[in-house]
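Quick notes on the structure that follows.
This structure is a prediction, so every number in the text was calculated from the model and none was measured. Both backbone and side-chain heavy atoms feed into the values below; hydrogens, waters and symmetry mates do not.
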Amino acid sequence: MDDLFSLIRIPSISALPEHHDDMLACAERWAQLLLEAGVDEALVMPSQGNPVVFAQKIVNPDAKTVLIYAHYDVMPAEPLELWKSEPFEPEIRDGHIWARGADDDKGQAFIQVKAFEYLVKNGLLKNNVKFIFEGEEEIGSPSLEAFCEEHKEDVILVSDTSMLGAELPSLTTGLRGLAYWEIEVTGPNRDLHSGHFGGAVANPINALCQIISKVTDADGRITVPGFYDDVEEVPQTEREMIAHIPFDEKKYKEAIGVKELFGEKGYSTLERNSCRPSFDVCGIWGGYTGEGAKTIIPSKAHAKISMRLVPDQDYREIGRLFAEHFRSIAPRSVRVDVEVLHGGFPYVCPTDLPAYRAAARAVERTFGRKPLPYYSGGSIPIIEEM
């Protein structure tokens, strides 16, 4: 626990440049822990962005090699006022570790490293093992593709997913892709008094909200022309598999504090959040947000927007289609700028691979029942490239 907490306490936030030194410190701490676990070597290697931690244990040059992937960067912790404890000071409550990175992804990676340590110490390791821990997954892995092109392996084990539950063991076999933009809407060349100009000049925040409202329809479908052209429909066999996953909608709603669920018409909740596309506004801001009142028409409004994608959607093409559509439905009274921040391809792992079958046997041996293959709604941009 002390070793895990030493990682969590490092605020390795890749999205914020002021944490550059923390990224290096976290990479170096991982290298130290990997050496203690029994690797032959552990290196902190430079990339075009944050460093990559590379480590390996070679038991036999002729044996197959398993590459374990994880990331050591974390999301920003804001809004800080909603935390019950300090985000980078781990606290155990109700049998869970509460801290930024405890779940995504330092906790999962730590499990794999400790499993590796157990195999090494007990002479049970039969395959060569290599580790790649990156520091840019939360910002789209912009530097890792070039790194991976130089280092191909036989099997990749990803330590950045989850299970359906302790009573329902599962293996993630699918990930959604991602496209992410930042929007800027500009109206007047400065903030204006809403009394003198209200009703005569377009308000960029109003316009932004109106544009966003048109991107999806009443049935939860995305209205961008061409968006669904390459979407691979979920095969009936897979829909039946998803339908057999135990799911308590009442508990689901209670856990997240909502009275009703909403999503694309014609699909179940588990289908909507795993193998169908989605559209979300991740942040929106503009104007005056301090205490009290300030009667203005703001000059600018901003939003961060993401779409989760499914096979066979190309995030680059979706990025182009979305930007064109968003500008086309904007009123002439404002100017719209769309910046692509990052993206990644969806991925589906065949369940007939030897590596999957080996993982399934291990899970069954551990939990006493066969794992369910399931699609995760999350995205890991580098996986399709690896």
Between Ala323 and Val338 the two heavy atoms that sit nearest each other are CB-CG1, 3.9 Å
Determine whether Glu136 and Leu144 make a side-chain contact, defined as any pair of heavy atoms from C-beta on separated by less than 4.5 Å.
-> no
Should the ring pair His342 and Tyr180 be called parallel, tilted or perpendicular, given that the plane angle runs from 0 to 90° and is split at 30 and 60?
-> parallel
Once the angle between the rings of Trp98 and His96 is folded into 0 to 90°, is it parallel (under 30°), tilted (30 to 60°) or perpendicular (over 60°)?
-> perpendicular
Using modelled atom types only, decide if a donor and an acceptor are shared between the side chain of Arg316 and the backbone of Gly343 within a distance under 3.5 Å.
-> no
Closest heavy-atom pair and its distance - Tyr267, Arg239 | CD2-NH2, 3.6 Å
Is it the case that one hydrophobic cluster holds both Val348 and Leu164, taking links as side-chain heavy atoms less than 4.5 Å apart, direct or via other members?
-> no
With rounding to the nearest 0.5 Å, note down the distance linking OG1 in Thr65 to CG in Asn128.
-> 4.0 Å
Sidechain N-carboxylate O distance under 4.0 Å for Asp280, Arg308 | no
If you measure from the Lys or Arg side-chain nitrogens to the Asp or Glu carboxylate oxygens, is any gap between Glu117 and Lys114 under 4.0 Å?
-> yes
Closest heavy-atom pair, Ala102 versus Gln108, reported as atoms and distance to 0.1 Å, is O-OE1, 4.4 Å
Side chain to side chain, Asp230 and Asp314, heavy atoms closer than 4.5 Å = no
How would you list all residue pairs meeting side chain to side chain donor-acceptor pair (under 3.5 Å) that involve residues 199-221, not counting sequence neighbours?
-> Arg221-Glu264
Got a salt bridge between Arg276 and Glu233, using NZ or NE/NH1/NH2 to carboxylate O under 4.0 Å?
-> yes
Listed by chain and number, what are the side chain to side chain donor-acceptor pair (under 3.5 Å) partners of Arg190, not counting sequence neighbours?
-> none
Could you check if a side-chain atom of Val113 sits within less than 4.5 angstrom of a side-chain atom of Phe131, using non-hydrogen atoms only?
-> yes
Ser85 vs Arg93 side-chain heavy atoms within contact, under 4.5 Å | yes
Under 3.5 Å, side chain of Arg357 to main-chain N/O of Asp352, donor-acceptor pair present?
-> yes
Salt-bridged, Lys370 to Glu364, with N to O below 4.0 Å?
-> no
Can you find a heavy atom in the side chain of Ser12 that is under 4.5 Å from one in the side chain of Asn50?
-> no
Step by step, would you call Leu34 with Glu41 a side chain to side chain contact (heavy atoms under 4.5 Å, CB included)?
-> CA-CA 8 Å; Leu34 285 161; Glu41 63 175 342; over 6 Å; no
Tyr69 side chain near Ile380 side chain, heavy-atom distance below 4.5 Å | yes
Note: Arg9 and Pro90 closest approach over all heavy atoms is CG-CD, 3.8 Å
Side chains of Ser162 and Tyr374: do they bring a donor and an acceptor to under 3.5 Å?
-> yes
What heavy-atom pair brings Ala202 and Pro188 nearest, and what distance separates the two atoms?
-> O-CD, 4.0 Å
In Å and rounded to the nearest 0.5 Å, what is the NZ to CD1 distance from Lys304 to Ile284?
-> 12.5 Å
Do Ser278 and Arg272 touch side chain to side chain, with heavy atoms closer than 4.5 Å?
-> no
Given side chains that start at C-beta, do those of Tyr315 and Val340 come closer than 4.5 Å, heavy atoms only?
-> no
Kindly give the heavy-atom pair with the smallest separation between Tyr375 and Cys275, and that separation in Å.
-> CD1-CB, 3.6 Å
Phe54, Trp30, Phe110 screened by ring-ring contact (aromatic ring centres under 6.0 Å, His included) with Phe133, the one that passes = Trp30
